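Have a look at the structure below before the remarks.
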Amino acid sequence: MYESPSWLHELWVARDVLWQGFLTSVQCSGLAILLGTLVGIVAGLVLTYGTFWMRAPFRFYVDIIRGTPVFVLVLACFYMAPALGWQISAFGAGTLGLTLFCGSHVAEIVRGALQALPSGQMEASKAIGLTFYQALGYVLLPQALRQILPTWVNSSTEIVKASTLLSVIGVAELLLSTQQIIARTFMTLEFYLFAGLLFFVINYAIELLGRHIEKRVALP
Amino acid sequence: MTQAQVSTQNQALLEIRGLHKQYGPLEVLKGVDLTMQRGNVVTLIGSSGSGKTTLLRCVNMLEEFQGGQILLDGESIGYDEVNGKRVRHPEKVIARHRAMTGMAFQQFNLFPHLTALQNVTLGLLKVKKLHKDEAVALAEKWLERVGLLERRDHYPGQLSGGQQQRVAIARAIAMNPSLMLFDEVTSALDPELVGEVLNVIKGLAEDGMTMLLVTHEMRFAFEVSDKIVFMNQGRIEEQGPPKELFERPQSPRLAEFLKSTRF
């Protein structure tokens with residue numbers, strides 16, 4: 001009599017596909033968080049200290065992106081880039097969408113943290129003769145980063161979760177890989193739960209990293 | 001001695017001519033003239049809103065001003081006349097001029113993420129470009145002078161208000177400024193901590209440091225100053241040696257102000 005294979009057996013068979021999906025998820029989220037944070041810091045600085053005309057394009061970017069669902073953003077990047085004559089892979093388009101999303105959020109976090117610093121900090125920096133950029137680098141940003149960290153961890157985990165949307169444009173990240181395995185094995189619950197566990201592992205690692213840095217830089 | 005050297009020696013350290021400052025339509029300084037010689041201690045007094053803190057902050061360009069001129073050691077602060085037009089100095093020049101003055105603030109404004117020592121060395125390393133050993137030695141010298149050498153590795157959050165203010169004074173003075181500005185440095189302190197800060201300032205005055213102060217501590221102003229300047233509604237109403245000014249005020253407004261102030 002035929003005995004259906006155990007879940008552990010199917011998991012073993014699917015290990016390569018799952019591992020590749022896991023790596024793809026980590027790669028696109030990691031890239032988006034890294035690039036988005038850089039974009040966000042620049043945008044946040046301009047929004048805080050720029051003149052009206054410098055701020056205008058960044059304000060437009062941040063407001064548009066924050067008011068749009070990530071899903072729409074990912075689809076827009078996927079379909080609009082080729083329409084504008086830019087040949088880009090699905091992975092590239094998806095990561096671009098996530099990066100834009102991450103950047104807009106980090107921009108507001110950075111602006112908020114800088115504006116929350118007492119104005120006396122900039123004044124005291126200027127009073128000892130530091131230039132604007134020195135004051136920013138040695139006095140304001142180190143203090144702002146401590147404020148930014150907890151919210152940044154939050155945004156980063158949102159990006160990891162949003163990376164599942166890339167399955168819709170055909171990027172074989174963890175969710176799509178899982179769905180493909182389910183289509184073959186019909187073990188729906190088991191593999192979805194397992195995928196959920198893996199996403200949790202990624203996000204928990206980010207949270208631990210954030211907490212570690214927070215402790216390292218905490219002020220007495 | 002050359003002619004040029006003679007003229008620099010006789011030159012006033014600080015010369016303010018016809019200073020005008022407005023916030024929008026509100027004129028807060030309406031033509032202020034003030035001269036300070038090297039080694040002078042000058043105290044600005046007056047009721048709040050009279051413009052004394054604004055005047056102090058114009059000297060190191062923490063406030064922009066719209067008219068008049070400030071000369072510090074012969075250099076024009078903030079602006080230059082170019083072909084009859086008033087041009088703001090580039091940031092680099094303003095930063096260099098700011099380093100010629102030191103400032104202590106009402107709220108101390110120590111950098112909370114740096115230790116007491118690092119607060120003092122930051123300017124020495126990044127503005128004066130001193131070598132690390134030199135900067136630390138100089139910072140330690142000034143922390144010792146304000147009586148806080150044993151707290152060198154404490155963060156501002158671990159220090160009392162009076163201690164923070166003394167570190168802030170050390171931070172400013174370690175830069176070897178030619179003029180020190182004190183903006184109501186004891187106003188935010190608990191009464192029992194005021195003395196320790198005033199003693200530090202008194203010591204500096206005895207060393208011959210040139211200082212421009214804003215304070216509400218009239219007894220202290222009387223003891224430490226060479227000249228008291230009474231400001232009223234954006235103008236200098238009366239100025240003179242402390243004894244003269246406090247005992248024989250000429251203007252009725254000063255007489256009234258002195259009557260209403262705790263001595």
Side-chain angles (χ1 to χ4, degrees), chain A residues 41-42 44-55 109-153 210-220, chain B residues 56-57 59-63 90-115 118-129 153-159 164 167-177 179-183 188:
Chain A
I41 289 176
V42 172
L45 284 172
V46 175
L47 285 176
T48 314
Y49 297 111
T51 59
F52 177 82
W53 289 112
M54 285 162 79
R55 288 199 311 271
I109 299 171
V110 169
R111 185 182 65 82
L114 284 170
Q115 287 180 344
L117 292 176
S119 59
Q121 292 294 312
M122 180 57 112
E123 289 182 355
S125 313
K126 285 177 172 177
I128 56 171
L130 294 178
T131 61
F132 172 78
Y133 290 105
Q134 286 178 321
L136 207 57
Y138 298 120
V139 178
L140 298 174
L141 279 179
Q143 292 181 58
L145 285 176
R146 290 171 166 85
Q147 297 252 331
I148 289 166
L149 208 57
T151 339
W152 178 83
V153 166
R211 260 183 249 169
H212 175 71
I213 301 175
E214 246 180 275
K215 253 188 225 154
R216 283 283 306 267
V217 300
L219 294 174
Chain B
L56 199 73
R57 288 164 58 90
V59 174
N60 66 355
M61 274 299 277
L62 285 184
E63 299 284 351
E91 280 301 321
K92 276 227 158 126
V93 176
I94 291 179
R96 186 172 63 78
H97 283 159
R98 280 190 182 124
M100 292 165 67
T101 61
M103 186 165 195
F105 299 84
Q106 186 175 353
Q107 299 296 341
F108 334 132
N109 297 343
L110 284 182
F111 307 132
H113 62 301
L114 301 177
T115 63
Q118 289 168 334
N119 262 278
V120 183
T121 53
L122 182 63
L124 298 172
L125 294 169
K126 304 303 172 192
V127 179
K128 294 254 174 195
K129 314 267 184 213
D153 295 321
H154 284 52
Y155 285 86
Q158 299 168 310
L159 300 172
Q164 288 190 48
V167 173
I169 292 172
R171 173 177 72 180
I173 212 118
M175 299 291 290
N176 193 24
L179 171 68
M180 265 302 292
L181 307 168
F182 292 90
D183 183 15

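Chain naming here is simple, since letters A, B, ... match the order of the sequence lines and numbering starts at 1 in each. Just so it is clear, the structure is predicted and the values come from calculations on it, not from any experiment.
By a heavy-atom distance cut of under 4.5 Å, Ala95(B), Arg98(B), Ala99(B) are the residues of residues 92-100 of chain B near chain A, going up by number. Scanning residues 113-122 of chain A against chain B with a 4.5 Å non-hydrogen threshold yields Gly120(A), Gln121(A), sorted by number. Residues of residues 131-143 of chain A lying within less than 4.5 angstrom of chain B, judged on heavy atoms, are Thr131(A), Gln134(A), Tyr138(A), Val139(A), Pro142(A), Gln143(A) in numerical order.
Taken to the nearest 0.5 Å, the CD atom of Glu123(A) stands 7.5 Å off from the CE atom of Met103(B). Here the NZ atom belonging to Lys126(B) is positioned 9.5 Å from the CG atom belonging to Leu130(A), to the nearest 0.5 angstrom.
In terms of heavy-atom pairs under 4.5 Å with chain A, the best-connected choice from Glu91(B), Gln107(B), Arg171(B) is Arg171(B). Contact count against chain A (heavy-atom pairs under 4.5 Å) is highest for Leu122(B) among Leu114(B), Leu124(B), Leu181(B), Leu122(B). Contact count against chain A (heavy-atom pairs under 4.5 Å) is highest for Pro112(B) among Ala174(B), Pro177(B), Pro112(B), Pro156(B).
Summarising the geometry of Ala124(A) relative to Asn109(B), their closest heavy-atom pair is CB-O, 3.5 Å, with the distance given to 0.1 Å. Closest non-hydrogen pair, Met175(B) versus Ile128(A), comes out as CE-O, 3.3 Å.
Looking at Phe111(B), the atoms closer than 4.5 Å to chain A (heavy atoms on both sides) sit in the backbone and in the side chain alike. Only the side chain of Gln158(B) comes within less than 4.5 Å of a heavy atom in chain A; its backbone stays farther off.
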Atom pairs and distances, side-chain donor-acceptor, residues 210-220 of chain A, under 3.5 Å, sequence neighbours left out:
none

